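Just below is one structure, and these are the notes that go with it.
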Amino acid sequence: MSKKAFIFDLDGVIVDTAKYHFLAWQKLAQELGIEFTPEHNEELKGVSRVRSLDIILELGGIQASQEDKNKWLIQKNEDYLSYLVDIDENEILPGVLPVLHYLKDKNQLIALGSASKNARPILEKTGIINLFDAIVDGNDVTNAKPDPEVFLQAAKKLNVTNENSIVFEDSVAGIQAANIANMTSIGIGEATTLHEAKYIFEDFTFIDVSFIESLIY
């Protein structure tokens, strides 16, 4: 048995905090007079905070100074963090913990590869930070997905080749990043959206032990 690197995105894969990003962006958009729907929010999955703001401003046809953009980015993050104050292990999505514990039992390496700059406090609040051998988040990278930087850094930290790295993602940009890095891409979500992934599951409850074993051996 060889050791593999299992790299997980955070929002929408491990924890259900994506809804809080939506609420925070929607609040800002409303204040700017921009309609921002769940459908619009799909365009923000796997995208950096700065690019997300640009997408929303483009929706409203708004030109803004960098000073205003910086102010709005801070405001959005403060609103988002206010939703996270009381989160706990109940935010962990169904089926995730059994997979993480199974990988640990098999002495496999686990990393986080997320654009979120709040990844560490979220992992701490949900009580699973100790399950990760490496964490690479938005504080560690300069290029957003589909650039594979976040996954390349994670594999490097674990000293595992790209070919032996497996990525769990819920965004098109994340799947593309994994594919560009020549890693095994596993989509978590809708097959119609994540069709570029090598494997696709609606959520982790559809992933059984035999599938994980097939990735390890």
Side-chain angles (χ1 to χ4, degrees), residues 1-15 18 45-48 92-93 95-120 122-123 126 128-191 193-217:
M1 180 176 67
S2 61
K3 281 201 175 185
K4 303 287 181 69
F6 289 83
I7 307 171
F8 294 78
D9 180 37
L10 181 65
D11 293 328
V13 173
I14 292 177
V15 291
K45 281 190 175 180
V47 175
S48 70
I92 300 172
L93 288 164
V96 172
L97 279 177
V99 170
L100 291 174
H101 287 305
Y102 182 80
L103 292 173
K104 273 297 174 192
D105 289 342
K106 293 295 182 180
N107 294 312
Q108 296 301 300
L109 298 168
I110 302 174
L112 187 85
S114 168
S116 172
K117 292 190 174 183
N118 303 299
R120 285 173 174 83
I122 289 172
L123 293 178
T126 52
I128 57 174
I129 194 165
N130 292 335
L131 295 175
F132 291 83
D133 301 292
I135 295 173
V136 182
D137 64 16
N139 298 297
D140 305 311
V141 297
T142 54
N143 299 307
K145 303 165 188 173
D147 189 289
E149 181 185 7
V150 66
F151 299 144
L152 295 174
Q153 278 202 33
K156 186 175 181 181
K157 280 191 174 187
L158 298 177
N159 197 28
V160 175
T161 64
N162 295 359
E163 293 75 14
N164 283 322
S165 299
I166 297 100
V167 173
F168 295 88
E169 261 286 357
D170 73 322
S171 72
V172 173
I175 294 298
Q176 291 172 341
N179 291 340
I180 290 168
N182 199 28
M183 298 176 177
T184 300
S185 56
I186 301 177
I188 304 297
E190 296 291 331
T193 303
L194 304 175
H195 58 86
E196 293 178 56
K198 184 170 183 180
Y199 305 101
I200 305 171
F201 297 92
E202 188 174 331
D203 60 47
F204 276 88
T205 64
F206 289 86
I207 300 178
D208 58 30
V209 169
S210 62
F211 175 74
I212 299 296
E213 277 189 348
S214 73
L215 298 172
I216 295 173
Y217 294 100

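In this chain, residues are counted from 1 in sequence order. If you're wondering where the values come from, they're calculated on a predicted model, not measured in any experiment. Heavy-atom basis, side chains included; hydrogens, waters and symmetry copies ignored.
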Exercise. Measuring from Ile175:CD1 to His195:NE2, what's the distance to the nearest 0.5 Å?
Worked result: 10.5 Å

Exercise. Can Ile186 and Leu215 be said to form a side-chain contact (heavy atoms from CB on, under 4.5 Å), step by step?
Worked result: CA-CA 11 Å; Ile186 301 177; Leu215 298 172; 3.8 Å; yes

Exercise. Can you name the closest pair of heavy atoms from Ile7 and Ser165 and give their distance?
Worked result: CD1-CB, 4.2 Å

Exercise. Hey, is the main chain of Lys106 close enough, under 3.5 Å, to the side chain of Gln108 for a donor-acceptor pair?
Worked result: yes

Exercise. Going through the distances and angles, do Leu103 and Leu131 end up as a side-chain contact (heavy atoms from CB on, under 4.5 Å)?
Worked result: CA-CA 9 Å; Leu103 292 173; Leu131 295 175; over 6 Å; no

For this session: Before giving the answer on salt bridge (charged side-chain N to carboxylate O under 4.0 Å, His left out), spell out for Arg120 and Asp140 the whole-Å C-alpha distance, their side-chain angles and the decisive distance to 0.1 Å.
Result: CA-CA 12 Å; Arg120 285 173 174 83; Asp140 305 311; 3.7 Å; yes

For this session: Return yes if a side-chain donor-acceptor contact under 3.5 Å exists between Glu213 and Tyr102, otherwise no.
Result: yes

For this session: Decide yes or no on side-chain contact (heavy atoms from CB on, under 4.5 Å) for Ile14 and Ile128, but give the supporting numbers first.
Result: CA-CA 10 Å; Ile14 292 177; Ile128 57 174; 3.6 Å; yes

Exercise. With under 30° as parallel and over 60° as perpendicular, where do the rings of Phe168 and Phe6 fit, or are they tilted in between?
Worked result: parallel

For this session: Output yes when a side-chain donor or acceptor of Asp133 lies under 3.5 Å from a complementary backbone atom of Ile110, and no otherwise.
Result: yes

Exercise. Given side chains that start at C-beta, do those of Ile207 and Ile188 come closer than 4.5 Å, heavy atoms only?
Worked result: yes

Problem set entry | pair Tyr199-Thr184: side-chain heavy atoms closer than 4.5 Å | yes

Problem set entry | Val15 vs Val96 side-chain heavy atoms within contact, under 4.5 Å | no

Seminar exercise, completed: Nearest heavy-atom contact between Asn179 and Ser185 is OD1-OG, 2.7 Å

Exercise. Side chains of Leu10 and Leu123: does their closest heavy-atom pair fall under 4.5 Å?
Worked result: yes

Exercise. What pair of heavy atoms forms the shortest contact from Leu109 to Leu158, and how long is it?
Worked result: CD1-O, 3.6 Å

Seminar exercise, completed: Of all heavy-atom pairs linking Glu196 and Val172, the shortest is OE2-CG1, 4.1 Å

Seminar exercise, completed: Here the gap from Ser114 atom OG to Lys145 atom NZ, rounded to the nearest 0.5 Å, amounts to 5.5 Å

Exercise. Just how far is it from atom CZ of Phe132 to atom CG of Leu100, taken to the nearest 0.5 Å?
Worked result: 5.0 Å

Exercise. What closest approach, in Å, do Leu194 and Glu169 show between heavy atoms, and which atom pair accounts for it?
Worked result: CD1-O, 4.2 Å

For this session: Supply the atom-to-atom distance Ile200 CD1 to Thr193 OG1, rounded to the nearest 0.5 angstrom.
Result: 9.0 Å

